[in-house]
**Student:** 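This structure is in structure tokens; I'll ask about it shortly.
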Amino acid sequence: MALDEAAFNDAYRAHAGRLRAVAYDVLHDPAAAEDAVHSALMRVWSGGSYRADRGALLPFLIACVRREALDTVRGSKRRHLREVKVAADDPVAIDETAAIDPIEARRIRLALDTLPEGQRDVITRAYFGHRTLLEVAREADLPLGTVKSRLAAGLRRLHTVLSLGAAPS
Amino acid sequence: MTQHLDDDAELYALGYTERERSEEIEAHLATCAACCERVAAAESVAASLSAALPPMPAAAPQRRTWWPQLATAAAVVFAATTALEVGFVHGESDRVQRTDVALTALASTHFAHTTLTSRPGLTVKAIYSRDGAWVYVVASGAPAGAHVVLRQGAAQRDLGALDDGAPATLFIHEPGRGDEYDIVAGGNIIAHGKPMY
């Protein structure tokens, strides 16, 4: 066999941990998270939808898994998945000490700090605070369209900041 | 659809587009390099954000997991992908690169899967390449000695017995294509399903 299978499995599981965390963050249910990861990978593999010119593979897979998990919540018949709600005062901060990758988490926090407050607020509420975009709009008293455009603009700006390398302070 | 994605590129990368819209976006991405680049940039930021998430708690009981099977299937597919140049695979430092090569091989290999129709308590999945080069059957709750049979019209071919693992598995090279996979035990068909090539 051309491949060191043990090494492959080790590294494969390393990716699986990240993918599971992404799904679990949305679903809060380990079994549902496993299913979401499984479905997303099967969808990718059977569809042959990945091409190298789409960028690196891991970010692509992470995006697929998150999309699958959010689709599961949106279309779920499983009541407990639909009822995962957050209290209005739930923290929306990054806990670097509990992060999968504390160093990258710190880099992200520093990069977020460089964003205009409106963009940072929308990203942290939506991504780290587990709000739907509608909930973010309600909490922040903004039109849904504004939430979407701030989220998109914030992500583009984050890309620039992260590409340049957020200076550690 | 020819219109560029605009803000939907970032919303899609974060999973905030409905499935129907996502499918439209994917169709557009197949034809638009500029939007591909924009989505890839947004996905790389989303991947960085995910590094700040906590890991999934490990305490959950292992109801069932397909990871070991998928990993094995992935390794098998990788080994079978002779078109890939793997000469650079050396040393420990490029382990992640190797994984990406293997996953890329998988992602660009045309294989499919089907869940077979079966009696209660029995779950069978068949993962198979669309050109009939291999099939990997994974079964939970199958009786000892159950066989996998590939039917093609009136002809049938016994592919062999599932092993006694939990779940039980069988990997077959060159099964060819067929109309239906059957799981047979004691002379009875206990599960069946059609591959879609």
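Only heavy atoms go into these numbers, but all of them, side chains included; no hydrogens, no water, no symmetry mates. Chain A is the first sequence line, chain B the second, and so forth, proteins listed ahead of strands; every chain is numbered from 1.
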**Student:** Heavy-atom distance under 4.5 Å to chain B: side chain of Leu155(A), backbone, both or neither?
**Tutor:** both
**Student:** I'd like to check Tyr181(B) versus Leu150(B) (side-chain heavy atoms, cut-off strictly below 4.5 Å). Are they in contact?
**Tutor:** yes
**Student:** Could you have a look at Ile62(A), Ile108(A), Asp95(A), Val65(A) and say which one has the most heavy-atom pairs with chain B under 4.5 angstrom?
**Tutor:** Ile108(A)
**Student:** May I ask you to name which of Arg156(A), Glu68(A), Glu96(A) has the most heavy-atom pairs under 4.5 Å with chain B?
**Tutor:** Arg156(A)
**Student:** Against chain A, label Ala42(B) side chain, backbone, both or neither, depending on which of its atoms sit under 4.5 Å from a heavy atom there.
**Tutor:** both
**Student:** For the residue pair Asp158(B) / His147(B), report whether a side-chain donor-acceptor contact shorter than 3.5 Å exists.
**Tutor:** yes
**Student:** Ignoring hydrogens and angles, state whether a donor on the side chain of Arg66(A) or Tyr16(B) is under 3.5 Å from an acceptor on the partner side chain.
**Tutor:** yes
**Student:** Please look at Leu53(B) and chain A and tell me whether the side chain, the backbone, both or neither of the residue comes under 4.5 angstrom of a heavy atom of that chain.
**Tutor:** both
**Student:** Check whether Ile100(A) gets within reach of chain B through its side chain, its backbone, both or neither, counting any heavy atom under 4.5 Å.
**Tutor:** both
**Student:** Count the heavy-atom pairs under 4.5 Å between each of Leu112(A), Ile103(A), Leu70(A), Ile123(A) and chain B, then report the option with the highest count.
**Tutor:** Leu70(A)
**Student:** Hey, mind stepping through Leu133(A) and Arg125(A) against side chain to side chain contact (heavy atoms under 4.5 Å, CB included) and telling me if it holds?
**Tutor:** CA-CA 9 Å; Leu133(A) 297 188; Arg125(A) 279 179 200 263; over 6 Å; no
**Student:** Report which part of Leu158(A) has an atom under 4.5 Å of a heavy atom belonging to chain B: side chain, backbone, both, or neither.
**Tutor:** both
**Student:** Below 4.5 Å from any heavy atom of chain B, which atoms of Ala153(A) appear? Answer side chain, backbone, both or neither.
**Tutor:** neither
**Student:** Would you please say whether a donor-acceptor pair under 3.5 Å links the side chains of Arg150(A) and Gln119(A)?
**Tutor:** no
**Student:** For His130(A) and Asp25(A), does a side-chain donor sit closer than 3.5 Å to a side-chain acceptor?
**Tutor:** yes
**Student:** Nearest 0.5 Å, what's the CG-NE2 distance between Asp179(B) and His192(B)?
**Tutor:** 13.5 Å
**Student:** Out of curiosity, Glu34(A) CD to Leu19(A) CG, how far, rounded to the nearest 0.5 Å?
**Tutor:** 10.5 Å
**Student:** Under a 4.5 Å heavy-atom cutoff, which of Ala47(B), Ala9(B), Ser48(B), Ala46(B) has the most pairs with chain A?
**Tutor:** Ser48(B)
**Student:** Would you mind telling me which of Ala33(A), Ala99(A), Ala105(A) has the largest number of heavy-atom pairs within less than 4.5 Å of chain B?
**Tutor:** Ala99(A)
